[in-house]
Engineer: 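My questions will all concern the structure given below.
Just so you know, ligand 1 is whichever comes first in the structure, and atom 1 is the first atom listed for that ligand.
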Amino acid sequence: MSSEGSNSHVRALHGVSVLRVGHVERWTIDREEARNAFDRGTMESLGELARAADTDPEVRAVVITGAGTKAFCAGADLKERKGLTHDETRALLDLYRVTAGRIDRLSKPVIAAINGVALGGGLELALACDLRVADAHASVGLTEVSLGIIPGAGGTQRLTRVVGAAKAKELILFAQRVTAHEAASLGIVHRVAGDEGAVALAMQLATQLAQSAPIALGAALAAIDGAADGTLDDGLDLERRCYERALLSADRDEALRAFAEKRPPRFLGR
Ligand code: COA
């Protein structure tokens, strides 16, 4: 049991500690001595957690953060990278794609609590999340070209979808680091936390989302995630298919009953 209440429990995987509070799961990259840079094992842990959370009805929202106060995540472990062959690096890039994809496509909302620097793969990880909140002292950037490489965990694609090609080019080509407030003004960060801190804010938002209707949340995420692909008509067809999932759910009937009975709905994820 953790000190955060009888409703919570903790466990640890390689590079990641996991806290479950009610229906919210918090994944903390636990490599503070390396500013939470992820090695291969840490990425594998995150991928495994995303796979498990997707099908676990007890998990309704996820928060990802980093240990300590200095870093959310300093990106790929550059010490590990130094000793790798080109083929081993390619295999790592494949792993990043699969893991970020699992987080991105998770049927539950995922919130990045950016509690310090999020650089390179650290920002790419945050961009795979649905929502991002940051501490005021945090800064973010896709700084890979300063290392002679380019973003390799989806950053060129996901940042461009968030800020548009023109701004993405400026940020990536100049390897710019921006403050949390600048990131918020660009739409990269949804909210900058006040005194409560990014982790507490993210947990609060996740708890709020965990009380919402899980099937409706998943359907909305799938419809929004598909919006960037194809024509408007393709998107409207997708929205209709996603709506169908919510339409057929018992939670939708419960919401209508609760409205008629003037009481809050109790959503069961069915
Ligand atoms: N991979 C491996 N180790 C890393 C790391 C990374 N990406 N980022 C930081 N570390 C390690 C440092 O090597 C150092 O280890 P040491 O104590 O053995 O020397 C430790 O973390 C602390 O780093 P330090 O630079 O002293 O801390 P800081 O708080 O002053 O600065 C950063 C933190 C993250 C701003 C800085 O370390 C940095 O710029 N790291 C590189 C980030 C980057 O370019 N990421 C993109 C990768 S794709």
Engineer: Take Thr143 and Arg177 through the side chain to side chain contact (heavy atoms under 4.5 Å, CB included) test and state the conclusion after the steps.
Structural biologist: CA-CA 7 Å; Thr143 51; Arg177 264 172 78 164; 4.1 Å; yes
Engineer: Is atom 30 (O) of ligand 1 less than 4.0 angstrom from some protein heavy atom?
Structural biologist: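 Protein heavy atom within 4.0 Å of atom 30 (O) of ligand 1: absent.
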Engineer: Taking ILVMFWY side chains as joined if any heavy atoms are under 4.5 angstrom apart, and letting links pass through other members, which residues group with Leu256?
Structural biologist: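 The other cluster members (ILVMFWY side chains, heavy atoms under 4.5 Å, direct or chained): none.
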Engineer: Tell me the nearest of Arg31, Lys70, Arg35, Glu124 to atom 26 (O) of ligand 1, using heavy-atom distances.
Structural biologist: Arg35
Engineer: Are any non-hydrogen side-chain atoms of Leu119 and Arg35 less than 4.5 angstrom apart?
Structural biologist: no
Engineer: In ligand 1, which numbered atoms sit nearer than 4.0 Å to a non-hydrogen atom of Glu33?
Structural biologist: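 Counting from 1, the qualifying ligand atoms are 20 (C), 21 (O).
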Engineer: Looking at atom 4 (C) of ligand 1, what's its closest protein heavy atom, distance included?
Structural biologist: Ala34 O, 3.7 Å
Engineer: If hydrophobic clusters are built from ILVMFWY residues whose side chains come within less than 4.5 Å, do Ile188 and Val133 share one?
Structural biologist: no
Engineer: Taking all non-hydrogen atoms of both residues into account, name the closest pair between Ala180 and Ala136 and its distance.
Structural biologist: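 Taking Ala180 first and Ala136 second, the nearest heavy atoms are CB-O, 3.9 Å.
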Engineer: Within a distance under 4.0 Å of any heavy atom of Leu78, pick out the atoms of ligand 1 and give their elements.
Structural biologist: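 The atoms of ligand 1 under 4.0 Å from a heavy atom of Leu78 are 1 (N), 2 (C), 6 (C), 7 (N), 47 (C).
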Engineer: Would you list the pairs meeting ring pair (Phe, Tyr, Trp, His ring centres under 6.0 Å) in which at least one residue belongs to residues 48-75, sequence neighbours left out?
Structural biologist: none
Engineer: Can you name the closest pair of heavy atoms from Arg60 and Phe267 and give their distance?
Structural biologist: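 The pair with the smallest heavy-atom distance is NH2-O, 2.9 Å.
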Engineer: Indicate, as side chain, backbone, both or neither, the part of Leu147 found under 4.0 angstrom from ligand 1 when only non-hydrogen atoms are considered.
Structural biologist: side chain
Engineer: Give a yes or no on whether atom 20 (C) of ligand 1 lies under 4.0 Å from any heavy atom of the protein.
Structural biologist: yes
Engineer: Tell me whether ligand 1 is touched by Ala71 - counting only heavy atoms on the residue side and a distance under 4.0 Å.
Structural biologist: no
Engineer: If the threshold is 4.0 Å, N to carboxylate O, is there a salt bridge linking Arg270 and Glu254?
Structural biologist: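 Glu254 and Arg270: not salt-bridged.
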Engineer: Of the protein's non-hydrogen atoms, which lies at the shortest distance from atom 43 (C) of ligand 1, and what is that distance?
Structural biologist: Ala74 O, 3.7 Å
Engineer: Is there a protein heavy atom less than 4.0 Å away from atom 47 (C) of ligand 1?
Structural biologist: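 Looking at atom 47 (C) of ligand 1, one finds that a protein heavy atom does lie closer than 4.0 Å.
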Engineer: Would you tell me which option among Lys79, Lys82, Glu144, Arg177 has the nearest heavy-atom contact to atom 18 (O) of ligand 1?
Structural biologist: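 Heavy atom nearest to atom 18 (O) of ligand 1 belongs to Lys79.
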Engineer: Suppose I only count heavy atoms of Asp77 and a 4.0 Å limit; which atoms of ligand 1 are within that range?
Structural biologist: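 Here the atoms of ligand 1 in question are 1 (N), 2 (C).
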Engineer: Would you verify that at least one protein heavy atom lies under 4.0 Å from atom 8 (N) of ligand 1, or report that none does?
Structural biologist: yes
